[in-house]
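Keep in mind that the numbers below use all heavy atoms, side chains included, and drop hydrogens, waters and symmetry copies.
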Amino acid sequence: MSNTKTTLKKQLAVANKKIPADLVVKNGKIIDVFTLSIIEADIAIADGVIVGIGQYDGNNVVDAKGKYISPTFIDGHVHIESSMVTPKEFSKLLVPRGVTTVVTDPHEIANVSGKSGIEFMLQNSDSIPLDVFVNLPSSVPATPFESSGAVLKATDLAPFFSHPRVLGLAEVMDFPAVRDGDDDMLDKLQAANDVNGVIDGHGSGLDATGVNIYRTADISTDHECVTAEEAIERIQRGMYVLIRQGSVAKDLKQLLPAVNERNARRFLFCTDDKHLDDLLTEGSIDYNVRFAIELGLDPLIAIQMASLNAAECYGLKDRGAVAPGYKADFILLDDLTDISAAHVYQNGELIAENGEMLSVQEEQIDLPTELMNSVHLKNFSIKNLTIPLQHNHANIIEINPNSLITNHIVEEVQVKQNEFQSSVENDQLKMAVVERHHLTGNIGLGIVKGFQLKDGAIATTIAHDSHNIVAVGTNDEDLAKAIAAIEEIGGGIVIVKGNEVIGSLPLSIGGLMSPHPYNEVNSLLKQLHGALHELDISQKFNPLLTLSFLSLPVIPCLKLTDKGLFNVKEFKHITVQA
């Protein structure tokens, strides 16, 4: 945090009680995240910075009688694109809930549009109520086993490291590249180290040796733990563990037993990927805090994890606590269980109250042409959806509800004239990943179990991480219709039944985000969920987000890319035929 000499002189004078503060907050119960205790004292603020805890006079006074005063919250790792709205709209969702800082990885839009995507996210997140810090995408594409819209080398990332809101390198998910000392990967790691940047990990499925390799490469965080044992293993080797609670990956309940008073300072929270509707109904990091408390975690530790721990993990020295020298970013809470922000202050200014922003500036979004019209198919037809099989045993992707991890199973399937036949009765459905960036004509085909789709088809360009078209259907006609409809709307989500489109959500920015206000996007999303009901799909998990992650070839065990069925553990493609 930088101060001019004049500003610092004024702040020192206020701290020394020589002149009144700009603002004093009185009669509140300050949550001290350093000692995990409550302080009953005034808070003195000058020029947006807390300069004193004690007894102070001020030109303006806020009476916080009976309320707890907590530092605002920080999301340690989030892909804003997963909300399906721009950073400006995203800020309107988080700030009223007391989340005023995020560390984002724009690798979703970067996988579609490369450097232009990163530039758009930086520009659109400038001068908004939410402080958006960026870790640069380390793996575009995530692996060489899929086709993305762009390839980012170390030389492509280098100019971005000088941006004041760029912190370091985002989740390193290409483990083999690190393990084998790939030159371009080592150049990316070195570039981050040269600016003392934080390097995020993506250690899904790594054993102790894998964690050792990551730590040796100075990778300091992981958000992919799914068991308490994995979390402890990483903490023991000096990592920070981000406990994730998103729309698909819900790990908090499984990981919380790893947290205790001795090691809690190495844990923080993140959402990673959270859909717009879930952000509106549940919240962001405020939900993680509430849920952790509900599961038995000390409220003060939960708040510490959501604020100070996250700030220290990412070197954000000016935030994360209600204490002198820190930004005056704080929330007023009625109690320590509900964790609902009655009032949200940023830089000493009240910016949200009772779940609503107090002032919203509507600005025209500047949309670079290279981010639009991003869906291009090469001579696609229903004939491209045939899966030839010589016998009736097949390798199948099995879904685990509310988890990114899938199972690799082998089952008997229905075969007619040497072609796979989808079976609603056996919950064995056809899945396709269609390349949409460079007219390669690549189409990966596979079989998925556990989707519990009874009719129709779903298709979307939200397909982590390369964001080709991913689709699942009960029959080839609806599947082909859904894929073609995606091209017609320029990317987004489409639902088809009886060869008719019954629901769609256009996402014209890279096939990932809408340029429209979040409430308009949410209205369309509600209509989509209504269309999903017509397909008689399971309500036990989010089918849209689940489908989006079935093409992610860095999460075990079996996934589908545009180049075919991919065995993540062996890091190679395999045939559908078992």
Side-chain angles (χ1 to χ4, degrees), residues 76-77 103 105 107 133-145 152-158 160-161 166-244 251 255 258-259 262-268 270 272 309-316 404-405 465 552-556 568-572:
H77 176 73
V103 180
D105 169 12
H107 79 197
F133 293 93
V134 171
N135 276 341
L136 298 175
S138 66
S139 305
V140 176
T143 73
F145 302 102
L152 291 180
K153 299 292 187 180
T155 51
D156 298 314
L157 298 179
F160 289 104
F161 280 109
V166 169
L167 300 179
L169 195 64
E171 50 182 325
V172 178
M173 57 183 67
D174 192 349
F175 172 71
V178 179
R179 179 195 61 202
D180 301 335
D182 173 81
D183 284 338
D184 187 63
M185 177 56 72
L186 295 187
D187 287 342
K188 291 175 181 176
L189 295 171
Q190 187 60 51
N193 277 321
D194 287 345
V195 295
N196 295 316
V198 177
I199 304 175
D200 278 332
H202 184 284
S204 181
L206 292 189
D207 59 12
T209 299
V211 179
N212 291 339
I213 290 169
Y214 263 25
R215 282 298 300 127
T216 301
D218 206 23
I219 294 170
S220 59
T221 78
D222 190 20
H223 60 274
E224 292 292 342
C225 300
V226 295
T227 68
E229 292 74 21
E230 283 184 338
I232 293 297
E233 199 168 58
R234 284 149 177 75
I235 293 294
Q236 289 172 337
R237 286 161 177 77
M239 277 188 162
Y240 281 93
V241 167
L242 284 71
I243 297 180
R244 173 176 56 190
D251 303 319
L255 297 186
V259 181
R262 292 186 176 186
N263 66 19
R265 295 287 275 115
R266 304 300 292 185
F267 288 92
L268 54 145
C270 76
D272 198 0
N309 292 9
E312 291 185 348
C313 174
Y314 288 101
L316 302 174
L404 303 186
I405 294 175
D465 279 326
L552 182 57
V554 292
I555 302 285
V568 181
K569 288 189 173 181
E570 297 179 6
F571 242 64
K572 68 178 185 180

So, taking the atom named [atom1] in [X] and the one named [atom2] in [Y], what distance separates them when rounded to the nearest 0.5 Å?
X: Leu186; Y: Lys188; atom1: CG; atom2: NZ; value: 11.0 Å
X: Leu167; Y: Ile199; atom1: CG; atom2: CD1; value: 12.5 Å
X: Leu242; Y: Glu224; atom1: CG; atom2: CD; value: 10.5 Å
X: Glu171; Y: Ser139; atom1: CD; atom2: OG; value: 8.0 Å
X: Phe267; Y: Met239; atom1: CZ; atom2: CE; value: 12.5 Å

Side chain to side chain contact (heavy atoms under 4.5 Å, CB included) evaluation trace for Asp465 with Leu552: CA-CA 6 Å; Asp465 279 326; Leu552 182 57; 3.2 Å; yes
Full working for side chain to side chain contact (heavy atoms under 4.5 Å, CB included) between Ile232 and Asn263: CA-CA 9 Å; Ile232 293 297; Asn263 66 19; 3.8 Å; yes
Parallel, tilted or perpendicular: ring planes of His223 versus His202, cut at 30 and 60 degrees: perpendicular
Judged by atom type as modelled, is there a donor-acceptor pair below 3.5 Å linking the side chain of [X] to the main-chain atoms of [Y]?
X: Arg234; Y: Cys225; result: no
X: Asp272; Y: Arg244; result: no
X: Tyr314; Y: Gly76; result: yes
X: Asn135; Y: Gly168; result: yes

Chi angles and distances behind the side chain to side chain contact (heavy atoms under 4.5 Å, CB included) call for Leu189, Leu169: CA-CA 7 Å; Leu189 295 171; Leu169 195 64; 4.0 Å; yes
Asp200 and Tyr240 side chains, donor-acceptor separation under 3.5 Å: no
